[in-house]
Number of protein chains: 4
Amino acid sequence: MKNTLILILILCSILSAHSQLRNNDVYKLTEMNESGIRDIIRIPDIEGYKTLKCDFHTHTVFSDGKVWPDVRVNEAWKEGLDAIAITDHIEYRPLKNTVKGDLNESFKIAKKRGDALGFIVIQGTEITRAKPIGHLNALFIADANPMDTKDPRGAIDIAIAQGAFIMWNHPGWPDNKSTLYPIHDSLINEKKIHGVEVFNHTTYYPVSFDWCKNRGLAFMGNSDIHELVKHDYGSDIAARPVTLVFATERSEKGIKEALFAKRTAACFNGQLAGKAEHLTELFKASLAIETKNAEKGIYEIANISDITYQILVNKQQYSLPAGKTRRITLPKEGKIKILNCFTGMDEHLEVDLPLL
Amino acid sequence: MKNTLILILILCSILSAHSQLRNNDVYKLTEMNESGIRDIIRIPDIEGYKTLKCDFHTHTVFSDGKVWPDVRVNEAWKEGLDAIAITDHIEYRPLKNTVKGDLNESFKIAKKRGDALGFIVIQGTEITRAKPIGHLNALFIADANPMDTKDPRGAIDIAIAQGAFIMWNHPGWPDNKSTLYPIHDSLINEKKIHGVEVFNHTTYYPVSFDWCKNRGLAFMGNSDIHELVKHDYGSDIAARPVTLVFATERSEKGIKEALFAKRTAACFNGQLAGKAEHLTELFKASLAIETKNAEKGIYEIANISDITYQILVNKQQYSLPAGKTRRITLPKEGKIKILNCFTGMDEHLEVDLPLL
Amino acid sequence: MKNTLILILILCSILSAHSQLRNNDVYKLTEMNESGIRDIIRIPDIEGYKTLKCDFHTHTVFSDGKVWPDVRVNEAWKEGLDAIAITDHIEYRPLKNTVKGDLNESFKIAKKRGDALGFIVIQGTEITRAKPIGHLNALFIADANPMDTKDPRGAIDIAIAQGAFIMWNHPGWPDNKSTLYPIHDSLINEKKIHGVEVFNHTTYYPVSFDWCKNRGLAFMGNSDIHELVKHDYGSDIAARPVTLVFATERSEKGIKEALFAKRTAACFNGQLAGKAEHLTELFKASLAIETKNAEKGIYEIANISDITYQILVNKQQYSLPAGKTRRITLPKEGKIKILNCFTGMDEHLEVDLPLL
Amino acid sequence: MKNTLILILILCSILSAHSQLRNNDVYKLTEMNESGIRDIIRIPDIEGYKTLKCDFHTHTVFSDGKVWPDVRVNEAWKEGLDAIAITDHIEYRPLKNTVKGDLNESFKIAKKRGDALGFIVIQGTEITRAKPIGHLNALFIADANPMDTKDPRGAIDIAIAQGAFIMWNHPGWPDNKSTLYPIHDSLINEKKIHGVEVFNHTTYYPVSFDWCKNRGLAFMGNSDIHELVKHDYGSDIAARPVTLVFATERSEKGIKEALFAKRTAACFNGQLAGKAEHLTELFKASLAIETKNAEKGIYEIANISDITYQILVNKQQYSLPAGKTRRITLPKEGKIKILNCFTGMDEHLEVDLPLL
């Protein structure tokens with residue numbers, strides 16, 4: 001507030017000469033227009049790849065969401081994401097008597113808005129069945145209409161034929177049991193499930209960290225947003241779940257290649273789940289370290305990212321707060337454990353010392 | 001962050017005994033659920049009246065808005081308002097080929113959501129014509145469908161017959177000229193315009209402060225929201241424009257009575273426009289003043305409201321920041337000018353000293 | 001920021017007529033002067049008592065602190081406290097070759113500053129010995145100089161003779177063992193220890209919650225600040241440890257009476273430790289509850305205090321965030337447990353339902 | 001808060017195996033220790049130079065300041081600065097009866113603390129006389145004691161002989177007239193004044209922007225802090241005035257070389273005053289620009305710095321908020337004016353389009 005105050009006071013005489021609309025008829029304040037402003041989420045690129053922030057699970061009024069499709073694009077654009085998928089349910093469309101359109105309509109509307117902004121919108125759909133198979137998102141599809149089939153395997157096969165990446169959604173919903181049923185086992189073996197949501201909305205599924213690790217699935221974290229992102233997650237940067245995609249280029253093509261290559265991590269509320277190699281690089285790229293006293297092992301570690309890391313070293317826990325520097329004494333060798341980085345159900349990321 | 005950290009560490013052993021869903025299958029965190037949390041806007045009641053925060057101008061997918069009607073209710077509920085009106089355009093419904101329903105449909109949906117929450121939703125509509133008459137909201141109507149008439153005066157008469165309060169919207173839009181045309185003059189004389197938007201979205205119309213003052217119109221401030229409130233106004237409490245209604249009870253009936261009695265003030269981004277008597281009471285009710293030295297005129301003024309007041313006293317400008325106390329020396333008599341409180345186009349609120 | 005921006009733009013023309021110092025020579029901005037602004041800590045009064053926020057343990061350059069005594073007063077004033085005690089060590093004064101003055105000097109300087117502000121400053125001192133007796137603060141003393149004795153019991157007796165309240169400081173320091181030694185047992189029995197620090201700086205001592213409960217000691221929480229409060233605790237309201245004093249009047253006399261009556265609670269970082277009767281009243285006074293649906297037990301609970309409460313009800317944990325309202329369903333009878341309110345080492349506050 | 005909450009809940013079982021001090025005796029929370037954390041001020045380096053944030057004007061209890069000298073170092077370290085000078089008054093030492101020591105004592109204490117942290121502390125002093133000459137800081141001196149002379153020119157000559165950089169302080173104080181008297185004219189000609197404070201504490205001196213420009217003085221901005229920085233400026237990053245030094249290396253030597261080369265800018269509350277060449281580079285280094293539509297001139301401009309820029313383009317004013325991206329349409333050629341960057345008294349920075 002003060003920033004502006006002092007600034008504007010000095011500007012008074014200057015501005016009075018300018019032609020902004022500030023008369024007795026109307027004051028229209030272009031500099032106040034928040035709609036042209038978007039957040040920056042500071043999560044660094046890693047060696048060889050851009051780190052893209054993506055949400056592969058969103059709904060609109062064309063299924064059981066509460067917003068027009070381009071709001072999903074505007075939200076993601078405004079909150080600093082790089083891409084979203086529109087994934088309205090095939091089988092559950094409670095507003096269909098009022099909101100008309102086929103299974104591709106919401107994507108088309110969102111895509112038009114995305115193109116206007118230069119923002120990546122991926123066509124998807126949610127195959128929505130009861131357990132055991134549960135819900136699965138098909139991403140990078142061309143046409144959702146033929147997937148409205150009786151047998152969910154049939155829908156999956158059509159999606160696969162369209163080149164889709166299949167994500168198994170929220171495995172612990174709605175019964176609070178995260179069970180990898182035979183149907184999933186079989187689909188994974190057939191390479192018809194490629195990733196799994198380890199984070200969904202405000203819930204997560206630790207056992208799925210191990211499925212990713214042991215079965216070669218991509219770690220995914222998504223909002224599954226039906227209402228408004230800011231209402232569900234508040235105003236903190238990086239509160240919304242996203243899938244970090246380590247891509248060779250910022251494009252739909254780049255994202256698709258990275259997803260099939262399983263170069264992803266799930267990020268939710270300052271926690272990360274992913275492969276050790278990716279998380280190690282992300283952790284290190286987040287830090288700028290200055291040696292203050294090599295002999296005594298004193299360092300100042302600047303965390304230039306928006307993710308606060310919680311580290312355990314010498315049996316002491318320390319935070320490395322986002323956007324702050326911590327002065328710390330570290331042993332010359334050994335490991336530090338990163339408590340907010342998960343590489344498996346009972347496994348945290350460990351990074352070798354020295355960090356430099 | 002620290003608050004929770006220290007708390008939770010102490011709770012670790014305790015909580016492990018509880019039955020929250022925190023196992024390897026699923027972590028579902030009820031305490032994280034932002035959807036059950038709403039803001040408190042600290043704007044005090046005044047003598048004899050409750051101060052209600054209302055937005056009488058909102059849109060949904062049933063005209064050119066971008067959200068399902070109950071989102072408008074959820075937004076207002078979450079952001080701490082007391083009531084909204086749904087005021088979709090009669091004449092401008094660009095999505096009507098996709099979103100089906102008559103002119104009352106959006107209100108019905110919103111009202112159902114409001115009833116579920118115990119939140120006041122007022123039926124309205126926007127009569128949407130070119131200048132000179134421009135746009136007018138009819139509030140507290142029973143049925144919008146018959147207002148789809150050729151002559152706007154006809155629509156107004158039907159609304160009036162239903163007991164409507166008529167608000168003249170954004171008088172300076174779209175030509176950046178705020179002109180009170182003969183049609184408005186006539187409607188005001190006939191008591192068919194009762195209030196005017198002095199603030200609309202991010203624009204305001206100083207000349208309209210004088211219309212309120214001289215023609216007995218209610219001061220109104222509204223968002224005219226089409227997209228998302230949080231996107232247009234950011235996360236600050238009290239950034240969104242609202243009409244403050246000084247009502248005898250928190251009910252639709254109470255609001256209606258207060259509007260026709262012109263007991264309102266417009267509030268936008270920390271600025272207030274209204275009648276001197278209401279703003280004086282609001283200003284005083286916002287402050288808790290402690291005399292530190294009566295002889296020297298030293299006071300500590302706690303501003304317990306969310307509105308930062310800018311005062312001018314002895315040719316010096318001071319802020320009384322929202323939620324803070326200022327120590328200040330005040331003259332024993334005279335006036336202070338409140339620079340963010342407007343009672344007319346070229347007129348700020350003035351309050352007599354001493355304040356106590 | 002925006003608040004000010006829009007405001008100031010409108011003020012440009014107006015202000016140019018005023019005589020603030022805003023020319024090419026000098027811009028002196030009285031409204032930017034942060035030094036006259038103090039925080040408001042919103043912790044409510046309870047039935048029959050004012051709730052005063054006090055810090056009974058602070059240091060200056062006259063012992064091993066790092067600031068001139070009036071900085072301690074300015075800090076506490078600015079941060080919204082009601083009173084502090086200056087409690088420089090008797091036995092440990094490492095700067096004494098540079099900073100001259102007897103054992104009362106720091107109090108005198110601070111008191112002069114307090115009187116200028118109208119802020120309560122209490123004379124104290126810290127009797128500073130090795131364990132078992134450890135450190136004890138004598139509060140409300142008249143002269144610290146005679147307490148510079150060989151035998152700590154002698155110092156205590158002199159303080160008691162001056163009417164002092166004796167607080168046992170940080171019982172777990174420096175050996176991380178909180179031991180009530182025979183010397184303490186004896187002093188408590190003789191009514192020569194009246195309170196104990198259950199919170200000190202960033203550490204706390206759960207076992208001492210039970211000592212307060214079982215031995216009739218006052219719960220105390222203090223900063224023991226040597227450097228700067230804002231540096232040690234950051235900028236959050238209510239991060240600094242304070243002793244809440246439930247006093248009949250805001251005066252040194254009122255505080256002293258309340259301390260000897262053991263009407264206190266320790267407050268640190270959103271946690272409270274105290275007697276069930278006081279914490280119950282404080283909890284209830286922090287909440288404004290509206291019944292939304294009596295039959296279904298739906299309420300909206302506004303937490304008007306700056307303390308976020310963590311409650312456990314029906315085996316679910318919820319936060320009641322400071323300054324927000326939560327919509328919640330509560331059982332018609334039974335108890336809720338308040339997880340951030342401690343009444344004993346293994347005991348949380350429990351409050352009966354219904355709350356209204 | 002939520003970040004930590006969700007994190008810690010998942011950590012509960014894990015942490016219980018660790019040996020942090022969390023038992024009934026004592027909870028000592030290393031991760032809460034704010035004293036090891038320092039801010040990062042995001043002001044970018046420019047081509048060929050590191051941008052160092054320095055405060056060349058500070059006081060301690062050894063003159064009329066209120067803190068022990070190492071607090072000045074701790075403050076600056078914590079707030080993300082790169083260097084400070086200790087500049088206690090020679091002639092005004094109101095606490096000297098209590099605080100003993102010669103004119104170098106405060107520097108020695110601060111320097112010891114700086115060396116322990118690896119933080120640059122520069123020896124300085126303030127030659128403190130009435131107008132016309134006023135106050136001048138001598139920086140990079142070796143011994144302040146001989147400067148306690150009758151004639152201020154004598155003190156300056158002794159400082160110059162020690163290699164000092166001479167800064168003319170707050171030219172408009174205390175009479176609110178910023179006058180360049182003959183004595184200053186003469187000293188500037190003799191190269192015995194090298195820089196001038198264009199910002200001091202919460203005041204600034206527009207006419208001095210022109211002195212810098214026309215007389216080749218370094219632009220300086222300093223706090224002149226006597227009390228606590230956080231109390232005077234609040235908690236915003238970059239609220240404190242600093243002199244930005246464009247140095248070849250982060251060292252006292254590097255700073256001294258840059259000051260004599262006049263490679264500085266003053267920065268206060270989001271405003272910058274300096275040479276056009278430096279400010280242009282700083283502005284451009286603060287921005288990451290992405291072309292969204294070359295033909296239509298649509299760009300997304302990410303401001304990765306902590307300085308919000310106010311730009312004027314096509315007669316419209318826009319903010320480029322710190323840490324946010326703005327989508328904007330820019331003309332293909334022409335200039336934009338940067339309203340918060342001053343290159344002279346009546347002159348704002350202008351930058352050529354296109355920006356890329």
Side-chain angles (χ1 to χ4, degrees), chain A residues 1-2 5 9 21 23-30 32-35 37 61-62 65-68 70-71 74-75 78 95 97-101 105 109 170-173 175-179 202-207 210 227-235 239 269 308 317 319 321 345-346, chain B residues 1-2 5 9 21 23-30 32-35 37 61-62 65-68 70-71 74-75 78 95 97-101 105 109 170-173 175-179 202-207 210 227-235 239 269 308 317 319 321 345-346:
Chain A
M1 193 181 86
K2 289 192 309 173
L5 187 56
L9 286 166
L21 284 164
N23 53 40
N24 289 327
D25 275 354
V26 55
Y27 291 168
K28 194 182 286 179
L29 296 163
T30 47
M32 281 199 61
N33 195 339
E34 281 279 330
S35 63
I37 305 287
V61 288
F62 286 85
K66 294 290 191 181
V67 302
W68 198 247
D70 50 10
V71 169
N74 291 348
E75 270 183 327
K78 191 160 182 64
L95 307 176
N97 290 335
T98 308
V99 182
K100 300 298 181 185
E105 187 66 18
I109 295 168
H170 44 65
W173 186 87
D175 59 353
N176 297 322
K177 290 192 171 43
S178 298
T179 312
T202 56
T203 304
Y204 51 107
Y205 311 101
V207 67
D210 274 356
E227 296 263 348
L228 307 187
V229 171
K230 287 283 184 205
H231 281 195
D232 283 13
Y233 299 106
S235 58
N269 239 336
T308 292
Q317 188 185 334
S319 64
M345 184 170 79
D346 295 318
Chain B
M1 193 181 86
K2 290 193 309 174
L5 187 55
L9 285 166
L21 283 164
N23 54 40
N24 290 328
D25 276 353
V26 54
Y27 290 167
K28 196 182 287 182
L29 296 164
T30 47
M32 280 198 61
N33 195 340
E34 280 280 329
S35 63
I37 305 289
V61 290
F62 287 86
K66 294 290 190 181
V67 303
W68 198 244
D70 50 11
V71 169
N74 291 347
E75 271 183 328
K78 191 158 182 65
L95 306 176
N97 289 335
T98 309
V99 182
K100 301 297 180 186
E105 186 66 20
I109 295 169
H170 43 67
W173 186 89
D175 58 353
N176 297 321
K177 291 191 171 42
S178 298
T179 313
T202 56
T203 302
Y204 52 106
Y205 310 100
V207 67
D210 274 355
E227 297 264 347
L228 308 185
V229 171
K230 286 286 184 203
H231 281 195
D232 284 11
Y233 299 105
S235 58
N269 238 336
T308 292
Q317 188 185 336
S319 65
M345 185 171 78
D346 295 317

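Letters A, B, ... are given to chains in the order of the sequence lines, protein chains preceding strands, and every chain is numbered from 1. Values below: all heavy atoms of this structure, side chains included; hydrogens, waters and symmetry mates excluded.
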Requested in this report: Check each atom of B/T98 against the heavy atoms of chain A and say whether the ones under 4.5 Å are side chain, backbone, both or neither.
Outcome: both
Report task. Please round to the nearest 0.5 Å and tell me the distance separating atom CG of B/D25 and atom OG1 of A/T203. Result -> 12.5 Å
Query raised in the report: Using non-hydrogen atoms only, which part of A/K177 is less than 4.5 Å away from chain B: side chain, backbone, both, or neither?
Result: both
Query - Close side-chain approach of A/L228 to B/L228, heavy-atom, < 4.5 Å - result: yes
**Report entry** Atom group of A/V99 that falls short of 4.5 Å from chain B, counting heavy atoms
**Finding:** both
Query raised in the report: Checking heavy atoms, do the side chain of A/N74, its backbone, both or neither come under 4.5 Å from chain B?
Result: both
Query raised in the report: Under the side chain to side chain contact (heavy atoms under 4.5 Å, CB included) criterion, do A/V26 and B/Y204 qualify, and how do the steps go?
Result: CA-CA 6 Å; A/V26 55; B/Y204 52 106; over 6 Å; no
**Report entry** Spatial distance of atom CZ (B/F62) from atom CD1 (B/I109) [nearest 0.5 Å]
**Finding:** 3.5 Å
Report summary line: Counting heavy-atom pairs under 4.5 angstrom with chain B, the leader among A/N97, A/L95, A/T179 is A/L95
Report summary line: Of A/H170, A/K230, A/E75, the largest count of non-hydrogen pairs under 4.5 angstrom with chain B goes to A/E75
Query raised in the report: Is it the side chain or the backbone of A/E105 that comes within 4.5 Å of chain B heavy atoms, both, or neither?
Result: neither
Query - Value rounded to 0.5 Å, distance of CG in B/D232 from CD1 in A/I37 - result: 12.0 Å
Query raised in the report: Got a second to check how far B/D346's CG is from B/D210's CG, nearest 0.5 Å?
Result: 7.0 Å
Query raised in the report: If you count heavy-atom pairs under 4.5 Å between each of B/G101, B/S178, B/P171, B/S235 and chain A, which one has the most?
Result: B/S178
